[in-house]
Protein chains: 2
Amino acid sequence: MKNVTIQDIARVAGVSKSTVSRVLNGTVAVNPEKKKSVLDATKRLGFKPSLIARSLASGRSMTIGVLTQMIGSPFYDAISQGVIAGLGDTGYSPLFADGRWQVQKEADALTALVGRRVDGVVLVGGSMTSEQISEVCMGLPTLTVARRFYDQPIHSIAIDNELGGYQATDCLLRLGHQRIAMIRGIEQHEDARDRFAGYQRAMGEAGVAVDPSLVVDGDFSAESGIRAVGELLSRGCEFSAIFAANDLTAFGARLALDRNGLRVPDDVSLVGFDDQMESAFFVPPLTTIRQPAREMGKQASVAMMNLINGSGFESCLLTSELVVRESTRSVKD
Amino acid sequence: MKNVTIQDIARVAGVSKSTVSRVLNGTVAVNPEKKKSVLDATKRLGFKPSLIARSLASGRSMTIGVLTQMIGSPFYDAISQGVIAGLGDTGYSPLFADGRWQVQKEADALTALVGRRVDGVVLVGGSMTSEQISEVCMGLPTLTVARRFYDQPIHSIAIDNELGGYQATDCLLRLGHQRIAMIRGIEQHEDARDRFAGYQRAMGEAGVAVDPSLVVDGDFSAESGIRAVGELLSRGCEFSAIFAANDLTAFGARLALDRNGLRVPDDVSLVGFDDQMESAFFVPPLTTIRQPAREMGKQASVAMMNLINGSGFESCLLTSELVVRESTRSVKD
DNA sequence: TTGTAAGCGTTATCAC
DNA sequence: GTGATAACGCTTACAA
């Protein structure tokens, strides 16, 4: 089945290709009658303009490439949604590609995006280095979300993870906790390091020494939360609260605590990070740090539009918010 | 910054466009020397072939459009991952678009996909009617995942939701429960209806009459789980088990039960549907029906490849699996 | 206001 | 093997 082209429409409507194009794009005024017959023909023949040909001819694809890491993380998902929302009716459409958190796949996907001649690239998370990215994108407007780069060419929209870590720890300290354990995220992950830094700062400011035996490594997974609590318990050190690097880890920790007869929040207070959908319905509902994920995605879209039309880039570091629910309570005396 | 074209390479390498194309695609043999110089030039100039021009010229875009509904659902996410995995090294790349569960957006996104001249379309969930889809896709290989169509032109890969509903209910019945409540999903949603049908069949086969007052409506959200339990309790009817239409609903139900002093599984057994990641770490870990989401996505890719190269379509209805964890126990006597 | 014609960057079809 | 040259479907000067 051959596709209907602009030429077919022109023939049927009795006008030239150009006129059809003009009607379709509304670039310049055309005779109402002709306009009508073009529109009619369009509808009658079921004409679907080829965006491909259009891009090739105009040089702009009117699409923004969005490279995600679909690890099933609600956080990254929310960002994507924000990007979509932010693009709204700008005329640009998002084109998603996925890196699956594997550098090679990520590079391939990005190359594919660039090959499709997207007008800009938004990278949500990911692990390619700034150099690798620049090499592939070559001057294309590029920005990252939920990942901070300090280089000039790649702009980034991120939240202040250090602040988040501080907020979580501070909340616990205010409730009178001193023996606060922290389950960290992936060590190489900058977010994880920042959150831990926030924990350290809060402890320091409160004049509470950080006990190294209360800090356990994790990897952002629920399993690692379980393991971490096991580790903490086997070390035999006392703690009245746990700050987990993300909600998923907190879920695992909560389960492990339960299995060991420790009640949340009665015996141990628990704070997560992310505020993913399920957290509000956990038993007990989880106190956590909300990341404005959706908002970040929106900001990314707005920033991208500015980048494209040359308005420049306004750097912004969004802030997280403490959401107090029922997994925390003041320390028993 | 002008993009490097095949023409530039040709000039630098001292050959014709055609030869460059041949080297790049490896269609026919070319002189090794020329080949080398082309490859060199390619690398040196940082040439990135324009997939757009390629598609226009060849008529095939080598991309499969995947229309998702990014509602942040782990289930649909897993399907997408399956599709990606299934495409593997077939040479085809997935092109994602999103409908956000809004018919209009969905139609727009699908139109955009078709406009991009994808070689096939995979619809993951969604709410467009079979007619609407056909109208937009016009003869393009199309198939749906997690949604069943009985029409000829649109193939579908789905799981047997009725069976899943049966499995969940049967599991409860075998544990001795008779007063089994069901929190249904969105009424218009076929999956929801099928799951309920499975519940009815299991009850029927066990010779247990379905008490209408034990059936409550929900909408697949955690909030609806909370509301449903409230409703059940206010009706004052007794029940020793609940089958929730999906895990999220089960989460909400679990929280509501807790708030009302009912323990899971001691007072009430609870079964969900989906087996989303968090379910294994719930307190208590949730007994649920696992949907082979990833597998479905993979199957979709395979089926699409067959559709494209004309091998025809082998319909398949995948089956769900009961995952017994700790939210269920035999009825107290 | 409208038509003609020249691209846009590839692939594909020819001859050579 | 290789190089012209014509598509592919559309946009966009440039004329008229």
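Naming: A, B, ... by sequence-line order, numbering from 1 per chain.
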(request) Kindly indicate, with the supporting measurements, whether the criterion side-chain hydrogen bond (donor to acceptor under 3.5 Å, both in side chains) is fulfilled by A/S16 and A/T19. (result) CA-CA 5 Å; A/S16 74; A/T19 302; 3.3 Å; yes
(message) Testing the 3.5 Å rule here: is there a donor-acceptor pair between the side chains of A/N309 and A/S311?
(response)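 Short answer, yes.
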Could you state the atom-to-atom distance from [atom1] of [X] to [atom2] of [N] in whole Å?
X: A/Q7; N: C/dA5; atom1: CD; atom2: C1'; answer: 12 Å
X: B/I52; N: D/dC10; atom1: CD1; atom2: C1'; answer: 12 Å
X: A/R22; N: D/dG9; atom1: CZ; atom2: P; answer: 20 Å
X: B/L51; N: C/dC8; atom1: CG; atom2: C1'; answer: 15 Å
X: B/K35; N: D/dT2; atom1: NZ; atom2: P; answer: 11 Å
X: A/R11; N: C/dG3; atom1: CZ; atom2: P; answer: 15 Å

Using a cut-off of strictly less than 4.0 Å, decide whether [X] has a side-chain nitrogen or oxygen near OP1 or OP2 of [N].
X: A/S18; N: C/dT2; value: no
X: B/S16; N: D/dG3; value: yes
X: B/T19; N: D/dG3; value: yes

(request) Between B/G14 and B/A57, just flag the one whose closest nucleotide in DNA chain D comes earlier from the 5' side. (result)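 Nearest-nucleotide comparison on DNA chain D picks B/G14.
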(message) Can you tell me whether the side chain of A/K17 and the base of C/dT4 have a donor-acceptor pair closer than 3.5 Å?
(response) no
(message) Distance criterion of 3.5 Å, no angle test: do you see the side chain of B/R117 paired donor-to-acceptor with the base of D/dG9?
(response)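 There is none.
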(request) Would you mind classifying the nucleic acid contact of A/T5 as base, sugar-phosphate or nothing, using non-hydrogen atoms under 4.0 angstrom? (result)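 The residue A/T5 makes sugar-phosphate contact but no base contact.
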(message) What contact category does B/K34 fall into here, base, sugar-phosphate, or nothing, at under 4.0 angstrom with non-hydrogen atoms?
(response) sugar-phosphate
So if I take every side-chain heavy atom of [X] and compare against [options], which nucleotide ends up nearest?
X: A/R54; options: D/dG3, D/dT11, D/dG9; result: D/dT11
X: B/A53; options: D/dT11, C/dT11, C/dT10; result: C/dT10
X: A/A29; options: D/dG9, C/dT10, C/dT1; result: C/dT1
X: A/N25; options: D/dT2, D/dT11, D/dA6; result: D/dT11

(message) Name the residue from A/V15, A/V38, A/N31, A/T42 that meets the side chain to side chain contact (heavy atoms under 4.5 Å, CB included) definition with A/V23.
(response)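 Only one option passes, and that is A/V38.
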(request) Would you mind checking if A/D108 and A/K105 are paired as a salt bridge, meaning a charged N to carboxylate O distance below 4.0 Å? (result)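 Here A/K105 does not pair with A/D108 in a salt bridge, since their nearest N and O are not under 4.0 Å apart.
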